[in-house]
Protein chains: 4
Amino acid sequence: MTKNDWEQWVQYIAEQYDLDLNKKQTAKQKQILEAAIHIFSEKGYSGATTSEIAKKAQVAEATIFKHYHSKKGLLLRLVLPAISKVVAPFVLKPLFAILEEEKPAEKIVEDLIKDRVELIEKNQKLIRVILVESLYHPELKEALVNHVLKANAPEVAKRVQRLKEQGIIRADLPDYVVISGLISTVLAYLISTNLFAFMGTESDEQKIKYFADLFINGIVPRSTDLRPAEREERRES
Amino acid sequence: MTKNDWEQWVQYIAEQYDLDLNKKQTAKQKQILEAAIHIFSEKGYSGATTSEIAKKAQVAEATIFKHYHSKKGLLLRLVLPAISKVVAPFVLKPLFAILEEEKPAEKIVEDLIKDRVELIEKNQKLIRVILVESLYHPELKEALVNHVLKANAPEVAKRVQRLKEQGIIRADLPDYVVISGLISTVLAYLISTNLFAFMGTESDEQKIKYFADLFINGIVPRSTDLRPAEREERRES
Amino acid sequence: MTKNDWEQWVQYIAEQYDLDLNKKQTAKQKQILEAAIHIFSEKGYSGATTSEIAKKAQVAEATIFKHYHSKKGLLLRLVLPAISKVVAPFVLKPLFAILEEEKPAEKIVEDLIKDRVELIEKNQKLIRVILVESLYHPELKEALVNHVLKANAPEVAKRVQRLKEQGIIRADLPDYVVISGLISTVLAYLISTNLFAFMGTESDEQKIKYFADLFINGIVPRSTDLRPAEREERRES
Amino acid sequence: MTKNDWEQWVQYIAEQYDLDLNKKQTAKQKQILEAAIHIFSEKGYSGATTSEIAKKAQVAEATIFKHYHSKKGLLLRLVLPAISKVVAPFVLKPLFAILEEEKPAEKIVEDLIKDRVELIEKNQKLIRVILVESLYHPELKEALVNHVLKANAPEVAKRVQRLKEQGIIRADLPDYVVISGLISTVLAYLISTNLFAFMGTESDEQKIKYFADLFINGIVPRSTDLRPAEREERRES
DNA sequence: GATGAATGAGAGTTCATTCAT
DNA sequence: TATGAATGAACTCTCATTCAT
């Protein structure tokens, strides 16, 4: 089973770094982890120093090493559970839930974007660390690609299939195009709020609606007789 | 003027790091720059060491410092001209050219994606370095946001306006949504080829067509009486 | 008196390290001492770590410090009683006993070697620790030279005198030559079994006889009329 | 061939520690090596610190690591050439030379002891380091036992054979007993001068004579008609 | 009596940088 | 111009030791 695969793999990596991912974290350890997220996301793993993390966490440097054995151990102790707990179940379950619901395409996509954006914004620092560091640490890249993406893609593809069959989305695009398109729509929103903040002044709510609309209806004008409401009717008939 | 703004700013930064961005690079210097791109992109700026770069470039470590004065100087000597020369003219000019041409939306978007993808693939390492390091070096982030994006956005927006007026693209979406959407369509393609490589087996050419199609027409089914060909007619009328 | 000297000195050192050398050792403490002997002998005092000793002894690191107060305290708690109990009485008494007995030189020397070799082999690790660490810890060196050697030398010298007077050993060699020669004969045996193991295949018993013979009769051939048996007669006449 | 064996082995170890044993040492490097010998012999390898060595050598700590890469590299850079150059040729050649000469046993043994003692005293610190550290570093132990002892033992044994055939030494003792005995005679001298210094007041010259005499003639009295001079005659007849 | 958690001090090692040649 | 040698500062990590429980 997929889940066991992932768990075994995490276990294996954790053992290599002598980490116990299940052990309850004491108050001080939580301070360390928080400080580490903060500083890793600000300076990158290599740019961060354990002494800085220790200072921010208000513990002695040695305490970090007592608990996590090495700087890399600390990184993994941050990132692996985040991938496990955040990316895997917490991430995918709501996604599936949303895809399951019976509602118009617009609403589905809007909900998806909103949901993902919230998730990203709540875990911004961690996600930045995971994405950037997976460029430099092959184990992390493997974790993401093989154990998260590959493992969950079939399940997602299944939902996409259903939507296609229901006529909610186009059947002539391959699954991966749909999925990549959805992901990139989330990215589009993030790009617009981060890089083009100087251009748009609408509420975030409204922005999300725009990007959902773009993803749903495309960039070219539609004939007026096919506004969303009508499609809705069509689908139901 | 925009361009002068940028150039002055680059000049200012270059001076701070005692760099002459115009001086012709000798063979050895080119070896150093190439080695640096390679290693910076593989390990990140902080994770790279000058000694490793020197070894790869087959020069003495001191040689690097003779030419670029500091590690950061080396980074900037790589990154600033890249932004100047690659991002600014080479990047934007073909983009403008494509947007200028009189051809159907599909073709325009396809050409845009193809053009950008080529650009990205040819300069992969450099782009990775620029993007990642701009997270950690405020000057770089400023360079990108203020001096590249902000400076060029109006020009791009102007073309978008024209396309809207011509009825080629929808007029009801704000410019920044269109632009972000376009960028993210390029990203969608890159995501699909890099992360979901295991799913799609089509040719790259075909993949690009799919993403262009998605961007153009959206994810929901269109009524059959509005297939691209027809829209084409409509627009012409 | 000699013995008191030594005891006072040990007492003084023990106090400095806050050790009670007489207190009965609990099971855990014995585990610690055994683990310490093992690891000190394998890695040397400086190379050993308290955490390693604790792990091998299956106690918490803090427990070691509860009992012995410091790493050096642990070393001394091992080494001082060993010198006291092993080196001093247990070592010298049988030696004196052997020297006291009325038997031919061969037998005396053989018995001496056998006795010492057994002692060394049984206490190998401890002896290694004592010898090596006395190179680096002046108190230990002092203990050995002043309180063991100097203190017991006169007594040994007295026995040597007697043997000389009895004509059992040559009278023309100074006492210290005889004593050093005897010690080095034991060493010769140890060297041969440890370093030249690949050369000799005889039984240990036989090897000891050879070294005793060498020590007794020397390396050059004796005239046949003076084989051991005859000397025996001579001496008795 | 023996010699190549050793050289290959040294080469292999040196490579593992990234050492170039042939490179000429600069003045600073010689200072470092000398300081290292001194401090390693005083405190043992583990007890010595690189910072202390650097201070004594009057160089920056980093300089040590530039040249020897690690503390262990420094140890090996000291010890391997010492074994190669000192132990192997310089040690064995004079030994062979002495064994080759045509002179009475007494003179041979005296010369051997004198020669070895000089060698040991001149290289005291280095020898102490080699012997003690070979207890803790398996590579060093292997170097000594397999590559020095085993490799040279046959050659030494050959000379011993010759001496036996010439009637200079007893034929009834195995070679390894003779060799171990000879080594331990040197040790006997060293023990007497180091540990029993308080007993003997003779000149070193005289002490050596005593130990040579003990080794040659043994500890029991000889019949007067077999004093050395006579044996000499005997042998010649 | 025993221990888990914590730590100050310092160890070995790396790194960007300088300088004489 | 190019470099080998050298280094101060900082970094990761270890160690003996303490203390609250």
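A note on names: the letters A, B, ... follow the listed sequences, proteins ahead of strands, and every chain is numbered from 1. Bear in mind that the values here come from a model prediction, so they are computed numbers and not experimental data.
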Contacts under 3.5 Å, N or O only, protein and nucleotides 2-5 of chain F:
from, atom 1, to, atom 2, distance (Å)
dA2(F), OP2, H67(B), NE2, 3.0
dA2(F), O3', K28(B), NZ, 3.4
dT3(F), OP1, K28(B), NZ, 3.2
dT3(F), OP2, A60(B), N, 3.3
dT3(F), OP2, T63(B), OG1, 2.6

To the nearest Å, give me how far apart [atom1] ([X]) and [atom2] ([N]) are.
X      : N       : atom1 : atom2 : value
Y68(A) : dT14(F) : OH    : C1'   : 18 Å
D18(A) : dT14(F) : CG    : P     : 11 Å
K24(A) : dG4(E)  : NZ    : P     : 19 Å
I32(C) : dG1(E)  : CD1   : C1'   : 11 Å
L75(B) : dT17(E) : CG    : P     : 12 Å
K71(D) : dT12(F) : NZ    : C1'   : 17 Å
H69(A) : dA6(E)  : NE2   : P     : 13 Å

When you measure from the side chain of F65(A), which nucleotide among dT12(F), dT17(F), dG12(E) comes out closest?
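Between dT12(F), dT17(F), dG12(E), the one nearest the side chain of F65(A) would be dT12(F).
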Going by heavy atoms in the side chains, are [X] and [Y] under 4.5 Å from each other?
X       : Y      : value
I53(B)  : F40(B) : yes
Q29(D)  : K23(D) : no
L144(B) : I83(B) : yes
E133(C) : V79(C) : no
Q11(A)  : E15(A) : yes

Sequence neighbours left out, what passes side-chain hydrogen bond (donor to acceptor under 3.5 Å, both in side chains) with Y45(D)? Give chain and number order.
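Result, side-chain hydrogen bond (donor to acceptor under 3.5 Å, both in side chains) vs Y45(D): none returned.
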side-chain hydrogen bond (donor to acceptor under 3.5 Å, both in side chains) involving Q31(D) - partner list, sequence neighbours excluded:
none
For residues 41-56 of chain C, which residues have at least one heavy atom under 4.0 Å from DNA chain E?
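DNA chain E contact set from residues 41-56 of chain C: none.
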Using Watson-Crick or G-U wobble pairs with both distances under 3.5 Å, give me DNA chain E in dot-bracket, 5' to 3', with [ ] for crossers and | for pairs to another strand.
.||||||||||||||||||||
Nearest 0.5 angstrom please: I32(B) CD1 to Q25(B) CD, how far?
8.5 Å
Test side-chain hydrogen bond (donor to acceptor under 3.5 Å, both in side chains), reference K125(D), set E42(D), H38(D), E34(D), output is H38(D)
Show me the side-chain donor-acceptor pairs of residues 55-64 of chain B shorter than 3.5 Å, one per line, residues at least two apart or across chains.
from, atom 1, to, atom 2, distance (Å)
E61(B), OE2, T50(B), OG1, 2.8
E61(B), OE2, S51(B), N, 3.4
T63(B), OG1, A60(B), O, 3.2

Is there a donor in the side chain of K72(C) and an acceptor in the side chain of H137(C), or the other way round, less than 3.5 Å apart?
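Yes, a side-chain donor-acceptor pair sits under 3.5 Å.
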